[in-house]
Trainee: 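Once you've had a glance at the structure underneath, I'll fire off some questions.
Each residue takes its place number in the sequence, starting with 1. Computed from a prediction, not measured in an experiment: that's the story for all the values here.
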Amino acid sequence: MKTIQIKNILLDFAGVIMNMNLERDTKSLLAVGLPDWKGCMADIPLRNVLLQYLDGLMTWEDFLPAIKPFCKENVTEKELYNAMNDVLDDVPVSRVEWILSLKKKYKVYLLSNICKESWAICKERFEASGHTLEECFDGVFLSYEMKLAKPDARIYKVVEENTGFIPTETLYYDDTIENIKAAEELGYQCIHVSMNRLEHCLNCVQ
């Protein structure tokens, strides 16, 4: 079998580059009257509202009236903001340094399902490492800007059109199995990262 040379790295953000704090997230969700994350995903109408917002396909202004019927009475906007963002944790400097090391050999891109408000937090915490996104990535693709979200095949196609890279020459890291499966169907070489465990996969590419 012919070995395909990797020329590009495509990285997810939350759960891969940034750690996720599920314990803190659960406390914030419960504080506004929502179930924990698994419970939220099991309730289909609630799931649809949450993912539309968290994936950046719904604005904050539209999200507030849509989510409030699922919450306790008199929930505040601040409480809802915390519930949507308290899952976001730190960005280990070692991961940023790993990305910089990859750039010496590969084109490196970021593809994230994320809303505008959460991305502002992510960007600040990433750049607290002392390195900017522009230093670390050849391109940054965010669902809230693209109005598309993984695992929709169209989002990968837009990335390809904007970068010119070939999927079979691209190694893709994500912690969501549905996103991995969608990318594999398009020809990407993929690594499924266990949430917050990118370090277990650092030797997959040199």
Side-chain angles (χ1 to χ4, degrees), residues 1-20 41 47 51-52 54-57 87-88 91-116 118-119 122-123 125-127 129 131-206:
M1 181 180 293
K2 182 180 178 181
T3 300
I4 300 174
Q5 182 181 4
I6 293 295
K7 297 181 179 179
N8 317 289
I9 307 294
L10 183 62
L11 296 165
D12 180 36
F13 195 82
V16 175
I17 297 171
M18 169 178 269
N19 285 324
M20 307 284 275
M41 293 300 99
R47 171 193 171 98
L51 291 184
Q52 280 283 302
L54 294 173
D55 287 350
L57 304 180
V87 70
L88 304 173
V91 176
V93 173
S94 59
R95 294 180 190 168
V96 178
E97 292 174 345
W98 174 72
I99 294 168
L100 286 168
S101 72
L102 291 179
K103 279 207 68 181
K104 297 176 182 178
K105 187 175 180 180
Y106 308 97
K107 292 287 188 180
V108 183
Y109 302 95
L110 175 69
L111 175 61
S112 177
N113 279 3
I114 200 159
C115 60
K116 181 178 180 180
S118 294
W119 179 245
C122 292
K123 184 174 186 283
R125 293 184 186 171
F126 184 92
E127 295 188 342
S129 68
H131 297 283
T132 66
L133 291 161
E134 290 76 16
E135 286 179 82
C136 296
F137 297 101
D138 294 285
V140 173
F141 298 90
L142 308 173
S143 61
Y144 85 87
E145 293 180 338
M146 303 167 76
K147 302 306 177 189
L148 290 169
K150 300 175 288 184
D152 189 329
R154 293 176 296 172
I155 196 170
Y156 300 97
K157 292 297 184 182
V158 171
V159 174
E160 293 161 29
E161 290 167 3
N162 280 272
T163 62
F165 70 47
I166 299 171
T168 54
E169 298 175 348
T170 304
L171 185 60
Y172 173 47
Y173 292 73
D174 201 302
D175 65 323
T176 301
I177 192 63
E178 291 81 6
N179 299 342
I180 289 289
K181 290 179 178 178
E184 286 178 335
E185 290 178 1
L186 296 171
Y188 287 81
Q189 301 188 57
C190 296
I191 294 176
H192 182 215
V193 181
S194 297
M195 182 183 291
N196 301 342
R197 296 292 183 269
L198 178 62
E199 285 70 23
H200 294 180
C201 308
L202 297 187
N203 294 327
C204 296
V205 64
Q206 299 292 334

Trainee: In chain order, what residues pass the side-chain hydrogen bond (donor to acceptor under 3.5 Å, both in side chains) check against Glu97, with sequence neighbours excluded?
Mentor: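 So Glu97 forms no side-chain hydrogen bond (donor to acceptor under 3.5 Å, both in side chains) with any residue.
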
Trainee: Measuring from atom CE of Met20 to atom CG of Asn196, what distance do you get when rounded to the nearest 0.5 angstrom?
Mentor: 7.5 Å

Trainee: For salt bridge (charged side-chain N to carboxylate O under 4.0 Å, His left out), just list the numbers for Arg197 and Asp175, CA-CA rounded to whole Å, side-chain angles, deciding distance to a tenth of an Å, and then say yes or no.
Mentor: CA-CA 9 Å; Arg197 296 292 183 269; Asp175 65 323; over 6 Å; no

Trainee: Using a strict 4.0 Å threshold on nitrogen-to-oxygen distance, state whether Asp55 and Lys150 make a salt bridge.
Mentor: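 Answer for the salt bridge query: no.
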
Trainee: Using 0.5 Å steps for rounding, measure from the CG atom of Leu202 to the CD1 atom of Ile191.
Mentor: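 Spacing of CG (Leu202) from CD1 (Ile191) equals 9.5 Å.
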
Trainee: Show your reasoning for whether side-chain contact (heavy atoms from CB on, under 4.5 Å) applies to Leu186 and Lys157.
Mentor: CA-CA 9 Å; Leu186 296 171; Lys157 292 297 184 182; 3.9 Å; yes

Trainee: Under the side-chain hydrogen bond (donor to acceptor under 3.5 Å, both in side chains) test, which residues partner Asn19, sequence neighbours left out?
Mentor: Asp90, Arg95

Trainee: Could you go through Cys122 and Leu88, starting from their C-alpha distance and side-chain angles, then the distance that decides it, and tell me whether this counts as side-chain contact (heavy atoms from CB on, under 4.5 Å)?
Mentor: CA-CA 7 Å; Cys122 292; Leu88 304 173; 4.0 Å; yes

Trainee: Kindly indicate whether the side chain of Val159, heavy atoms from C-beta on, has any atom under 4.5 Å from the side chain of Phe165.
Mentor: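 They are in contact (side-chain heavy atoms under 4.5 Å apart), so the answer is yes.
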
Trainee: Check the surroundings of atom NZ in Lys147: do more than 12 heavy atoms from other residues, nucleotides or ligands lie under 6.0 Å from it?
Mentor: yes

Trainee: Please round to the nearest 0.5 Å and tell me the distance separating atom CD1 of Ile177 and atom NZ of Lys181.
Mentor: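 The NZ atom of Lys181 is 5.5 Å from CD1 of Ile177, to the nearest 0.5 Å.
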
Trainee: Would you call the rings of Tyr109 and Phe141 parallel, tilted or perpendicular if under 30° counts as parallel and over 60° as perpendicular?
Mentor: tilted

Trainee: OH/Tyr173 to CG/Leu111 distance, rounded to the nearest 0.5 angstrom?
Mentor: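 Answer for the OH-CG pair, Tyr173 versus Leu111, is 15.5 Å.
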
Trainee: What is the distance from atom CE of Met195 to atom OG1 of Thr176, rounded to the nearest 0.5 Å?
Mentor: 7.0 Å

Trainee: What pair of heavy atoms forms the shortest contact from Val193 to Gly15, and how long is it?
Mentor: CG1-O, 4.5 Å

Trainee: Determine whether Asn179 and Asp12 satisfy the following criterion, side-chain contact (heavy atoms from CB on, under 4.5 Å), listing intermediate values before the conclusion.
Mentor: CA-CA 10 Å; Asn179 299 342; Asp12 180 36; 5.6 Å; no

Trainee: Would you check if the side chain of Gln189 reaches a backbone N or O of Thr168 as a donor-acceptor pair within less than 3.5 Å?
Mentor: yes

Trainee: Do any N or O atoms from the side chain of Glu135 and from the backbone of Thr132 form a donor-acceptor pair under 3.5 angstrom?
Mentor: yes

Trainee: Once you measure the plane-to-plane angle for Trp119 and Phe13, does it fall in the parallel (<30°), tilted (30-60°) or perpendicular (>60°) bin?
Mentor: perpendicular

Trainee: Given Tyr172, which partner from the list Ile9, Asn8, Leu10 fulfils the side chain to side chain contact (heavy atoms under 4.5 Å, CB included) test?
Mentor: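 Exactly one candidate clears the test, Leu10.
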
Trainee: Between Cys136 and Ile99, which heavy-atom pair has the shortest distance, and what is it?
Mentor: O-CG2, 3.4 Å

Trainee: Checking the side chain of Ser143 only, and the main-chain atoms of Ile114 only, is there a donor and an acceptor separated by less than 3.5 Å?
Mentor: yes

Trainee: Going through the checks in order, is the side-chain contact (heavy atoms from CB on, under 4.5 Å) test met by Ile17 and Val91?
Mentor: CA-CA 6 Å; Ile17 297 171; Val91 176; 3.9 Å; yes

Trainee: Is atom NZ of Lys116 surrounded by more than 12 heavy atoms (other residues, nucleotides or ligands) closer than 6.0 Å?
Mentor: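 Not buried by this count: 12 neighbours or fewer within 6.0 Å.
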
Trainee: Working to the nearest 0.5 angstrom, can you tell me the gap between Gln5 CD and Tyr106 OH?
Mentor: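 Between Gln5 CD and Tyr106 OH, I get 8.0 Å after rounding to 0.5 Å.
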
Trainee: Please tell me if the side chains of Leu51 and Met41 come closer than 4.5 Å, counting only heavy atoms from C-beta onward.
Mentor: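 Side chain of Leu51 against side chain of Met41, heavy atoms only: contact under 4.5 Å found.
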
Trainee: Does Tyr156 have any side-chain hydrogen bond (donor to acceptor under 3.5 Å, both in side chains) partners at least two apart in sequence or in another chain, and if so, which?
Mentor: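 Once residues adjacent in sequence are excluded, Tyr156 has no partner under the side-chain hydrogen bond (donor to acceptor under 3.5 Å, both in side chains) criterion.
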
Trainee: Can you name the nearest heavy-atom pair linking Glu184 to Cys190, along with the distance?
Mentor: CG-SG, 3.5 Å

